[in-house]
Number of protein chains: 2
Amino acid sequence: MTDVAREVGVTAKTVSRVLNDEGPVAVETRERVLAAVTKLGYRPNLMARNMRVGARDATVGLVVPELGNPFYGTVAGGVEGAVRPRGLTLIVGSSGETAGHEQSLIATFLARRVSALIVVPAAAGDHRHLRSERVAGLPIVFLDRPAVGLTADCVVSANRDGARAGVSHLIAHGHRRIGFVGDLPAALYTRRERLQGYRDALDLAGLPFERALVETGHDPEAAGRATMRLLALADPPTALFAGNNLASMGVVVALSRAGRKDVALVGFDDLPLAEALDPPLTVVAQDPAAVGAAAAELALSRLDGDRSRARRTLVPTRLITRGSGELPPRT
Amino acid sequence: MTDVAREVGVTAKTVSRVLNDEGPVAVETRERVLAAVTKLGYRPNLMARNMRVGARDATVGLVVPELGNPFYGTVAGGVEGAVRPRGLTLIVGSSGETAGHEQSLIATFLARRVSALIVVPAAAGDHRHLRSERVAGLPIVFLDRPAVGLTADCVVSANRDGARAGVSHLIAHGHRRIGFVGDLPAALYTRRERLQGYRDALDLAGLPFERALVETGHDPEAAGRATMRLLALADPPTALFAGNNLASMGVVVALSRAGRKDVALVGFDDLPLAEALDPPLTVVAQDPAAVGAAAAELALSRLDGDRSRARRTLVPTRLITRGSGELPPRT
DNA sequence: TTGTAAGCGTTATCAT
DNA sequence: ATGATAACGCTTACAA
């Protein structure tokens, strides 16, 4: 900046004024400064600017369990799309579902003086350590799962409603015995909410809840085994509800291997090839981009001074019927 | 930092020494500083540190077409995993395959003084504007596709070899007429390389190349239509090769809708549910995490002073046989 | 073992 | 309409 100033024969402050459209600058000076800027290939240094101006970096820190998971990748895209128009840049890290990694990422982001923090909590995390930042006014939004040990903003899918809708759909197609292949047991929140939605649907239909029909599969393989256990019951379910995308994949693969095309299935979370499956997969789709965008908007409103109490935003899900959820019960 | 210093009764410099394990510090001073740090909840300001120390921010900027695409999400995860051990943080942006967005993201990253830049070029981009940064010594690595108008480092999948292997696999299973459903025409590089691999395989087997068997589908729907056109030919192919993941999805859906389980298929890029399809999908799998990690390693070696000339790194692909590619030709 | 002074690249404040 | 000076939070170089 000094170089540009010298080139033009003015002071750094004048260059600064031109670059920020601030205060009165003579038209001619302005032009000469701009010319010198391109001539010298000068680029303003955002680090220095942010440090001087707000003491905050113009970034939003995002912590996700795993960037390669399309759900979180899309969430990240949603966050980025929402913050970029505000001139904020996204910085991300993967926690690998490990509380320790999550904490060290958060510490790095805080040291960088991010303007806001958006966190998908790792399974066994604890967020009491963020209390001081919260009272200091840093916008912190939890995404997909609520914080542990901290009252804070949170944006989640309508897990319970969505699961209820999915299971009710199966019931509407005549099913009376419906198996539940669930989430990571550690990711307590989503499993609990979705299982609750499952029970809501049974209750609404006056159907009994049977513990034997509830299984856990924390990855595709485990979900596949869970599926086979359910089908081997003396009085097996005629339909299955899969509690997340990994579980859905496991159930689909297991059914396909077993050659069972007569078992109805609704999955929570959409899958890329759902339509190409046989039968095509009916799902309760989340809207990850909308979840990310909503979290970012909430963070931005906090940044704009909204000091109202912490709120939980529910992002609606959508039932997409494709075939597997409309199969009639095997007679 | 001054507050901490005052609390202990020393100078900022001493606090700095403690925090950076630099120079000799009395054990007792050290302990009192550390105590004051936790007592006051002090966090070092990385912005200020980076600015003073290297004039470079301890970040790596990554530009991808679309974060929600699992391929690029996984690439981003690979980059992050490789740079984090070096104390570098990942900042990302999506170009949406738009040259303009790509340029403005890059400009932002440069203004932030990233330590290295990794770019998946948007389809119609041009990278001459980066020449000055390159000569200034900024590590710039292009990923998945080479730069346009700039000699620079580049990490790509072994597109040509992979496609040749996939098509040769079909030939080995008796196919003589193999359709190619290709990539975005705009993403010239990958389409060209993979089509070249397709031709290599035909040449090796002494089979003729027929223009009529080469179709383009830039998204699943277009790929589906392309598939139907190929199958409607007077002398239709008995096998198809899909040039990327979106094309694969389109072909799979089209074949499934048409009830054609007799057409052999090999796709470039693996898909989450490939195994659950009927028949399970044989693919030439890329390794997106390895591509990301390789690009990061290359950037880091440049950062460490490697001034050798620009190189192109090929990351091997792997043929995963699952069924669809082993179907015999329809008689 | 610790301190002092200066400076990284900006902008805020107050003058001129 | 422009400039001078100080300051943001830290580290480097040199002293003490």
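The analysis underlying the following values was restricted to heavy atoms, covering all of them including side chains, and did not include hydrogens, waters or symmetry mates. Chain letters run A, B, ... following the sequence lines, proteins first, then strands; residues in each count from 1. All values reported here derive from a predicted model rather than from experimental measurement.
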Taking for each residue the nucleotide of DNA chain D with the nearest heavy atom, is it A:Val27 or B:Thr2 whose nucleotide lies nearer the 5' end?
-> A:Val27

Any sub-3.5 Å donor-acceptor pair from B:His127's side-chain atoms to B:Val148's backbone N or O?
-> yes

Side chains of A:Asp144 and A:Tyr72: donor-acceptor distance under 3.5 Å anywhere?
-> yes

Rounded distance in Å - CE (B:Met51) to P (C:dT11) | 11 Å

dist A:Arg131:CZ -> A:Arg134:CZ (nearest 0.5 Å) comes out at 9.5 Å

Let me know the distance between CZ of A:Arg56 and P of C:dT11, rounded to the nearest Å.
-> 19 Å

Nearest-Å distance for atom pair CG/P, residues B:Leu40 and D:dG9 | 14 Å

Taking the side chain from B:Arg113 and the backbone from B:Thr59, do they hold a donor-acceptor pair closer than 3.5 Å?
-> no

Whichever of B:Ala48 and B:Val25 has the more 5' nearest nucleotide on DNA chain C, that residue is B:Val25

Please work out if B:Asn50 contacts a base, only the sugar-phosphate, or nothing of the nucleic acid, heavy-atom cut-off 4.0 Å.
-> nothing

What is the nucleic acid contact for A:Arg43, judged by heavy atoms within less than 4.0 Å: base, sugar-phosphate only, or nothing?
-> sugar-phosphate

Is B:Thr14 touching bases, backbone alone, or none of the nucleic acid, heavy atoms closer than 4.0 Å?
-> sugar-phosphate

Take atom CZ of A:Arg113 and atom P of D:dG9, then tell me their distance rounded to the nearest Å.
-> 9 Å

Working to the nearest 0.5 Å, report the span between CZ of A:Phe142 and CD1 of A:Ile118.
-> 11.0 Å

salt_bridge(A:Lys39, A:Asp3) N-O dist < 4.0 Å | no

Would you kindly give the CG-to-C1' distance between B:Asp21 and C:dT1, to the nearest whole Å?
-> 16 Å

From C:dC8, D:dG3, C:dT2, nucleotide with atom closest to B:Pro24 side chain | C:dT2

Can you tell me the distance, in whole Å, between the CG atom of A:Asp3 and the P atom of C:dT10?
-> 10 Å

A:Met47 atom CE is separated from D:dC8 atom C1', nearest whole Å, by 14 Å

OP1, OP2 of D:dA1 versus side-chain N and O of A:Thr29: anything below 4.0 Å?
-> no

Out of C:dT10, D:dG3, C:dT11, whichever nucleotide has its closest atom nearest the side chain of A:Asn20 = C:dT11

Hey, what do you get for CZ (B:Arg84) to OG1 (A:Thr108), rounding to the nearest 0.5 Å?
-> 8.0 Å

Detail all sub-3.5 Å separations between protein N/O atoms and N/O atoms belonging to nucleotides 12-16 of chain D.
none

For the pair made of CG in A:Asn45 and C1' in C:dT11, what is the distance, rounded to whole Å?
-> 13 Å

B:Ala26 near the nucleic acid: base, sugar-phosphate alone, or nothing, with a heavy-atom cut-off under 4.0 Å?
-> sugar-phosphate

